[in-house]
2 protein chains.
Amino acid sequence: MTKAGQGAAVPAERGGRAPNRREDVIRAAAELIGERGFDGTSMRDIARAVGMLPGSLYYHFASKEELFLALHEHAVARYHAALDAALEGLRDPWDRLEAAVRAHLRELLGSRNLLAIVRPDAAGGDPAVAARVRAERDAYDQRIRDLVAALPLAPGVDRGLFRLMLLGALNWTPVWFREGRRTPDEIAAAFVAMLRAGAE
Amino acid sequence: MTKAGQGAAVPAERGGRAPNRREDVIRAAAELIGERGFDGTSMRDIARAVGMLPGSLYYHFASKEELFLALHEHAVARYHAALDAALEGLRDPWDRLEAAVRAHLRELLGSRNLLAIVRPDAAGGDPAVAARVRAERDAYDQRIRDLVAALPLAPGVDRGLFRLMLLGALNWTPVWFREGRRTPDEIAAAFVAMLRAGAE
DNA sequence: AGCGTCACCAAACAATCGTTCGGTTGCCGC
DNA sequence: GCGGCAACCGAACGATTGTTTGGTGACGCT
């Protein structure tokens, strides 16, 4: 969670006075990259959003890709925390799945600063970056896999495709979702209900 | 289909000798943009892929965005054609849906030069481009909507969310699909089967 | 033979990109 | 009150971006 990786010298949390501008940068970058993409967002855009000069970003992050990595770690941590809170106290497998879907969708479509770091190919083509992104993503994926494994499904149902279908439908929602029509919770409930009725 | 828009002066199909390099450019651009994104693909990359100099592209296309528009039109036309062929002769609503899903997935994951122009936000932020892209996409979307409308679903099922769930699951497949494991046809059949069992 | 125009080359343009680096401020501990 | 460091400024660097412009060879038509 608060572990900072292995390469860069990260100031971490020091004296309490100056509030973490580093987190401000991450949040601003998440919002911008979330809506304009990685390549579509320049360092100057991010710097302007937090009221800094472009070069000053390099005090906090060694490169644009490392900024993205920190951002991605931050976002995935939020998804994990949301999942923890959603599952607390629930024991019925279907209830747990629906709660997880609800948490996922709420985080994904949530109000502003959505940090929709959904696209795995968001960062540039650097394979080292892609590997670290995939690793963090897989850890979250495994938890969904466990939730699906606990479901009492009919014998013929492929649990792998079940999970991929559900996650695909969820992760595509930012493309068509518009506020005011349906709430994330309604969508989550409907998606789970459709799958449940057929696969149980 | 072969209509070229309203702005640029397009050579169209003239003398038979020189085969259309213009289509070569579109195909190469589709492949590159499909795997590296719009911003991640430069005009020089595209020019190199077809053996031309960067400036020569501007004989065929007025700008990078117009090249993308031509590319998008080309890709959507392929989806329409695949859908036409798939639906031919089928009358049962569920058979028609499964055939459509199969065609869509085969086009989306198909061998090489996949022209996976799935992301609506692929082009740069220009709203005029986004509008034209959305228009072409909506026409295709409407055909799926019609297919869903013909299904004999249970009264409580929201056909809108039914379609969005299916299309979301489909359009997300390029993220996790790897050749050699499951064929597009298997995935298509499984997705439709899951939805059918629950919603019928 | 000569004119036109199709399709392209060759070379550059300004703008923007990620990034570097020396300097400057403000606060803390001693 | 003074060294030290965290956090940032100010200004530039080279590379790459989309695009323009003038020229040029091949070919069709008359």
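Just so it is clear: chains get the letters A, B, ... in the order the sequence lines come, proteins before strands, and each one is counted from 1.
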Tell me every residue that passes side chain to side chain contact (heavy atoms under 4.5 Å, CB included) with B:Arg182, counting only those two or more places apart in sequence or in another chain.
A:Asp158, A:Leu161, A:Leu164, B:Glu186, B:Ile187
Side-chain N or O of A:Arg21 versus OP1/OP2 of D:dC8: is the shortest distance under 4.0 Å?
yes
Please state how far atom CE in B:Met52 lies from atom C1' in C:dA10, giving the value in whole angstrom units.
14 Å
What is the per-nucleotide protein-contact pattern of nucleotides 18-25 of chain D, from the 5' end, where B denotes a base atom under 4.0 Å from a protein heavy atom, S denotes such proximity for sugar-phosphate atoms only, and - denotes neither?
BBB-----
Length of the line joining B:His60:NE2 and C:dT5:P, which is rounded to integer Å:
18 Å
What pairs meet the ring pair (Phe, Tyr, Trp, His ring centres under 6.0 Å) rule with one or both residues in residues 132-151 of chain A, with sequence neighbours excluded?
A:Tyr79-A:Tyr140, A:His80-A:Tyr140, A:His104-A:Tyr140
Partners meeting side chain to side chain contact (heavy atoms under 4.5 Å, CB included) with B:Tyr58 (sequence neighbours left out):
B:Met43
Rounded interatomic separation in angstrom, taking CG from A:Leu67 and C1' from C:dG18:
12 Å
Is B:Glu98 salt-bridged to B:Arg102, cutoff N-O under 4.0 Å?
yes
CZ of B:Phe61 versus P of C:dC8: gap in Å, rounded?
11 Å
Suppose we screen for ring-ring contact (aromatic ring centres under 6.0 Å, His included). Which residues come up paired with B:Phe191, at least two apart in sequence or across chains?
none
To the nearest 10 degrees, what angle separates the axes at the start and end of the helix from C:dA1-D:dT30 to C:dC30-D:dG1, five pairs each?
10°
Decide, yes or no, whether a salt bridge links A:Arg48 with A:Asp45 under the criterion of side-chain N to carboxylate O below 4.0 Å.
yes
When rounded to whole Å, the OH to P distance for the pair A:Tyr59 and C:dG22 reads 17 Å
Any ion pair linking A:Asp138 and A:Arg145 (charged N to carboxylate O, less than 4.0 Å)?
no
Give one of base, sugar-phosphate or nothing for A:Gly40, where a contact means two heavy atoms less than 4.0 Å apart.
nothing
Length of the line joining A:Arg48:CZ and D:dC8:P, which is rounded to integer Å:
18 Å
